[in-house]
Amino acid sequence: MRIFGLIGYPLSHSFSQAYFTEKFQREDIENAKYCNFEIGDIRDFPSLLESNRGLCGLNVTIPYKRAVIPFLDALDHPAKAIGAVNTIHFADGKKTGFNTDWIGFQQSLKQHLKPHHKRALILGSGGASLAVQYALKQMNIAFQVVSRTTNSENFCYKDLNDEIIGSHALIVNTTPLGMEPRTDEMPSVPLNAIGSEHLVFDLVYNPPQTRFMVEVSRRGAATLNGYEMLVAQAEEAWKIWRSSVNP
């Protein structure tokens, strides 16, 4: 049996297991299953591998996209440049890390871009943010990161004002704020300057409409959730793994 799976914590609302289980059934992919491996500490990763010798591939989610890297043997170029991994391939005795988040984000975003979407605010500075930053660089879209603490490169949330919001027509939320079950939460962004030229991409997919999306929609902004991105990154991960199913 070829085993694929997901590591992270918590995994109670994960997308991947249902998606790949249905994919395997729909496409008649035999001798393969997808499991959730919820680990409370990344130091448990080696024992997980020891207990699951049939692993062919893993997805990686919050909070381990950066923490897993020291446990890997190699990284592909985008994963190395991004500094975060969401896909691991096991082959020839090696554990190789990849990042397909940036591809999923780019594929999902590009069909919604308008000529005036030239500057972006990225809310959050974690592993998903790093992938978004890499994708925007490839698309030649200037960006500023917003984090909870101020430094020489990032805005802090308390720095945000109408001028900053108004001059960044693309806003990407990479934080888990608003995700089930804490759907009342949203990023601390001033909304007065949000208008019809804004595109707000919230990487949260559950619920499909976050509180943040609802609030900016009321002010005329176009919105996009993270579902299409998740599907696209999952399919990119499968391209990496599928040699393990049909050696």
Side-chain angles (χ1 to χ4, degrees), residues 62-63 65-66 82-84 99 101-230 232-233:
I62 295 171
K65 292 185 179 186
R66 288 183 285 187
I82 292 166
N99 192 298
D101 278 337
W102 78 271
I103 302 174
F105 173 77
Q106 189 179 79
Q107 289 181 1
S108 183
L109 174 65
K110 63 184 180 181
Q111 58 191 313
H112 300 277
L113 285 175
K114 301 288 175 60
H116 63 271
H117 293 135
K118 296 178 180 178
R119 300 178 70 193
L121 280 181
I122 304 173
L123 310 181
S125 56
S129 173
L130 296 173
V132 168
Q133 292 173 45
Y134 183 83
L136 292 179
K137 286 177 184 175
Q138 309 310 303
M139 302 169 81
N140 295 313
I141 296 175
F143 61 84
Q144 286 283 338
V145 175
V146 184
S147 64
R148 288 176 289 183
T149 57
T150 304
N151 61 41
S152 59
E153 297 179 357
N154 294 2
F155 286 132
C156 183
Y157 285 96
K158 63 181 177 58
D159 298 327
L160 298 180
N161 55 37
D162 288 353
E163 181 180 356
I164 292 172
I165 297 297
S167 62
H168 293 79
L170 174 61
I171 300 176
V172 184
N173 176 37
T174 71
T175 78
L177 292 171
M179 183 185 294
E180 288 279 3
R182 302 170 70 172
T183 57
D184 58 325
E185 297 180 340
M186 62 178 281
S188 182
V189 174
L191 300 175
N192 289 338
I194 296 287
S196 60
E197 292 202 339
H198 279 89
L199 170 61
V200 175
F201 192 157
D202 195 330
L203 269 52
V204 172
Y205 72 96
N206 184 19
Q209 279 257 317
T210 63
R211 181 184 170 198
F212 187 42
M213 292 171 67
V214 170
E215 292 295 336
V216 298
S217 294
R218 288 173 178 165
R219 290 157 175 84
T223 61
L224 182 64
N225 72 19
Y227 184 78
E228 288 181 8
M229 173 182 169
L230 276 172
Q233 64 81 25

Inset, instruction - List the steps, then state whether side chain to side chain contact (heavy atoms under 4.5 Å, CB included) holds for L191 with M186. - result: CA-CA 12 Å; L191 300 175; M186 62 178 281; 4.2 Å; yes

Legend entry - Derivation and outcome, side chain to side chain contact (heavy atoms under 4.5 Å, CB included), residues L109 and L170: CA-CA 10 Å; L109 174 65; L170 174 61; 4.0 Å; yes

Inset, instruction - Go through V216 and R218 one step at a time and tell me if the side chain to side chain contact (heavy atoms under 4.5 Å, CB included) criterion holds. - result: CA-CA 5 Å; V216 298; R218 288 173 178 165; over 6 Å; no

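With rounding to the nearest 0.5 angstrom, the OG atom of S188 is 9.5 Å from the CG atom of L177. Separating the CG atom in D202 from the CZ atom in R211 is a distance of 12.5 Å, to the nearest 0.5 Å. We find the CD1-NZ distance between I141 and K118 to be 11.0 Å, quoted to the nearest 0.5 Å. Atom-to-atom distance recorded for L130:CG and I122:CD1 is 9.0 Å, nearest 0.5 angstrom. In this structure, the separation between CG on N225 and CZ on F212 is 13.5 Å, given to the nearest 0.5 Å. Taken from CE in M179 to CG in L203, the straight-line distance is 9.0 Å, to the nearest 0.5 Å.
Residues Q111 and E228 have side chains that bring a donor and an acceptor to within less than 3.5 angstrom of each other. Side chain to side chain, S129 and Q133 meet the donor-acceptor criterion of an N or O pair below 3.5 Å.
Between Q233 and the choices I103, D101, N99, the side chain to side chain contact (heavy atoms under 4.5 Å, CB included) rule is met once, by D101.
Here the side chains of C156 and R148 are not in contact, with every heavy-atom distance at 4.5 Å or above. With contacts defined as side-chain heavy-atom distances shorter than 4.5 Å, the pair H112/L199 qualifies. A heavy-atom distance below 4.5 Å is found between the side chains of R182 and D184. In this structure, L123 and I171 have side chains that are in contact, with non-hydrogen atoms separated by less than 4.5 Å. Contact check for V146 versus L160: side-chain heavy atoms found under the 4.5 Å cut-off. The shortest distance between side-chain heavy atoms of N154 and D159 does not fall below 4.5 Å. With a 4.5 Å cut-off on side-chain heavy atoms, P190 and N161 do not count as touching. Counting heavy atoms from C-beta outward, M229 and F201 have side chains that approach closer than 4.5 Å.
Applying the ring pair (Phe, Tyr, Trp, His ring centres under 6.0 Å) test to F155 and every residue at least two apart in sequence or in another chain returns nothing.
Using modelled atom types, no side-chain atom of T183 and backbone atom of E180 make a donor-acceptor pair closer than 3.5 Å. Side chain of S217 to backbone of M213: a donor-acceptor contact under 3.5 angstrom is found. Between the side chain of H116 and the backbone N or O of A169 there is no donor-acceptor pair closer than 3.5 Å. Not a single donor-acceptor pair under 3.5 Å links the side chain of H168 to the backbone N or O of I165.
In this structure, S125 and S147 approach most closely via the heavy-atom pair OG-CB, 3.8 Å. Nearest heavy-atom pair, A193 versus G166, reported as atom, atom and distance to 0.1 Å: CB-N, 4.0 Å. Listed here is the closest heavy atom pair of G124 and T175: CA-CG2, 3.8 Å. Summarising the geometry of S167 relative to I164, their closest heavy-atom pair is OG-O, 3.1 Å, with the distance given to 0.1 Å.
When the shell of 6.0 Å around OH of Y157 is examined, it contains more than 12 heavy atoms from other residues, nucleotides or ligands.
Using cut-offs of 30° and 60° for the angle between ring planes, the W102 and Y134 rings count as perpendicular.
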